[in-house]
Amino acid sequence: MSGKPRLTYCNGRGRMEPVRWLLAAAGVEFEEIFLETKEQYQKLINDGVLLFQQVPLVEIDGMKMVQTRAILSYIAGKYNLYGKDLKERALIDMYVEGIADLMQMILMFPFSPPEAKEKNLDSIKERATNRYFPVFEKVLKQHGQDFLVGNKFSWADVQLMEAILAVEEKIPAVLSGFPQLQAFKVRMSNMPTIKKFLQPGSPRKPPPDEHYIETVLKIFK
Amino acid sequence: MAGKPKLYYFDGRGKMESIRWLLAAAGVEFEEEFLETREQYEKLLKGGSLLFQQVPMVEIDGMKMVQTRAILSYIAAKHNLYGKDLKERALIDMYVGGTDDLMGFILMFPFLSAEDKEKQRAVIVQKATSRYFPAYEKVLKDHGQDFLVGNNFSWADVHLLEAILMVEEKKSDMLSGFPQLQAFKARISSIPTIKKFLEPGSQRKPVPDDKYVETVRRVLRMYYDIKAN
């Protein structure tokens, strides 16, 4: 019994990746169980450990937590990454929810049919550059601080950093026109826990490939 | 300056309905501005009121809040409907996540074609009966308490009641086979603030109709076909 959080998911980003980011950013070591077969998944269901028959599952502090947002909120709360009061929490929640909407587009992208991929990529680019990135560019410009909320590192910063890198993988020049975000990205990359997470050998997962998509479809179809 | 929260949305349920429920359950009076025209929406956009160009938007305590989940979490915490500690909050978040997913199947229902509506109705019934309702039935059975979390009325109870009633609108005998949920429904419905919200004349919105769909499409210029998920 290690006491470390234990993550159960497929061996890839999906809905678990923000959890990996947040735990890593908080400097928390964790273990992972990777679902490879439908039988493994069915056993979890039969054992009654998945409240709504779904993963992500994170075993943490004696709880079998499901629902990505619930998991992330708990981790943020526990490790002081959720602001100092209700109003800061409200800002953080607004920002992470907005980013989650953008990340949802990226999440679904590998599963879209080939003929829809170009259109979906355009949508991601459009939303990132016209809806989401301008908001955070403005937030940072207006207060001139290093972090999005309350002059302190929070869940919102981690989530934004993850999103920037994920969009850049699809659209490399996406931050041109966003100087604040460029500086933000550099700052975040240099934070020790994040720097470590960005190095090879960390629990960070690579972009989804054919094998990952195949595995997901096999297990959950 | 009323000091009351002000809700900006269409005159219908959509994503705002859970917020109406929670404010009402907390006994908080609120005002509403209904979007009827594209011009109204563009005025909000130009005025910079919509952080991500979207509604729901709720003016509350000097903030222009967007993102339904953020708004609900704020209201829950402010009105002591979010448990007594981090672990109770975690449970509430998990339970609300489930009812949110369930209600998500119903959210786009009015926008579907007649044929897709029938398919989606079956999906809603199947998910409710085999995935969601059993989870909450077990929670209530296992601890035998009146409320889902910490023996105290919380956001999770409000959200579950809302989900139960919405699913029952699609198939009226949904709770047969779930005695705990039947009793839960009766108990929560009789809480004074909720009882009041369930009476005619409250700010609860009716089942969305074609006029509602038309308004949303017109205001958001959302004319593409919506497919079930």
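Per chain, numbering begins at 1; letters A, B, ... match sequence-line order.
With a 6.0 Å radius and a threshold of 12 heavy atoms from other residues, nucleotides or ligands, Lys218(A) has its NZ atom above the threshold. The number of heavy atoms from other shown groups lying within 6.0 Å of CD (Glu115(A)) is above 12. Within a 6.0 Å sphere centred on NZ of Lys38(A), heavy atoms belonging to other residues, nucleotides or ligands number more than 12. More than 12 heavy atoms of other residues, nucleotides or ligands shown are found within 6.0 angstrom of OH on Tyr223(B). Crowding of Glu29(B) atom CD: a count of heavy atoms from other residues, nucleotides or ligands under 6.0 Å not exceeding 12. Surrounding NZ of Lys205(A) are more than 12 heavy atoms belonging to other residues, nucleotides or ligands, all under 6.0 Å away. Atom NZ of Lys205(B) is surrounded by more than 12 heavy atoms from other residues, nucleotides or ligands within 6.0 Å. More than 12 non-hydrogen atoms from other residues, nucleotides or ligands lie less than 6.0 angstrom from NZ of Lys117(A).
Closest non-hydrogen pair, Met65(B) versus Met94(A), comes out as CA-SD, 3.7 Å. Taking each heavy atom of Tyr74(A) and Leu86(B) in turn, the nearest pair found is CD1-O, 3.8 Å.
Ring centers of Phe52(A) and Tyr136(B): under 6.0 Å apart, within the cut-off.
The choice from Gly77(A), Gly48(A), Pro134(A), Ala70(A) that makes the most heavy-atom pairs within less than 4.5 Å of chain B is Ala70(A). Chain B forms the most heavy-atom pairs under 4.5 Å with one residue out of Arg89(A), Arg127(A), Lys138(A), and that residue is Arg89(A). Of the listed residues Lys138(B), Lys87(B), Lys127(B), the one with more heavy-atom pairs under 4.5 angstrom with chain A than any other is Lys87(B). When Ser73(B), Gly97(B), Gly62(B) are compared by the number of non-hydrogen pairs under 4.5 Å with chain A, Gly97(B) comes out ahead.
For Arg131(B), the parts sitting under 4.5 Å from any heavy atom of chain A are the backbone and the side chain alike. Contacts between Ser130(B) and chain A at a heavy-atom distance below 4.5 Å involve the backbone alone (N, CA, C, O). Contact of Asp61(A) with chain B is made through backbone and side chain together, with heavy-atom distances under 4.5 Å. Heavy-atom distances place both the backbone and the side chain of Lys78(B) under 4.5 Å from chain A. Contacts between Val135(A) and chain B at a heavy-atom distance below 4.5 Å involve the side chain alone, from C-beta outward. With a 4.5 Å cut-off on non-hydrogen atoms, Met63(A) touches chain B through its side chain but not through its backbone.
To the nearest 0.5 Å, atom CG of residue Leu102(A) and atom CZ of residue Phe52(B) are 9.5 Å apart. Gln67(A) contributes atom CD, which lies 9.0 Å from atom CE of Met94(B) (distance to the nearest 0.5 angstrom). Rounding to the nearest 0.5 Å places CG of Leu51(A) at 9.0 Å from CG of Leu91(B). A distance of 10.5 Å separates CG in Leu72(A) from CG in Asp93(B), rounded to the nearest 0.5 Å.
By the 4.5 Å heavy-atom criterion applied to side chains, Val66(B) and Glu97(A) are not counted as neighbours.
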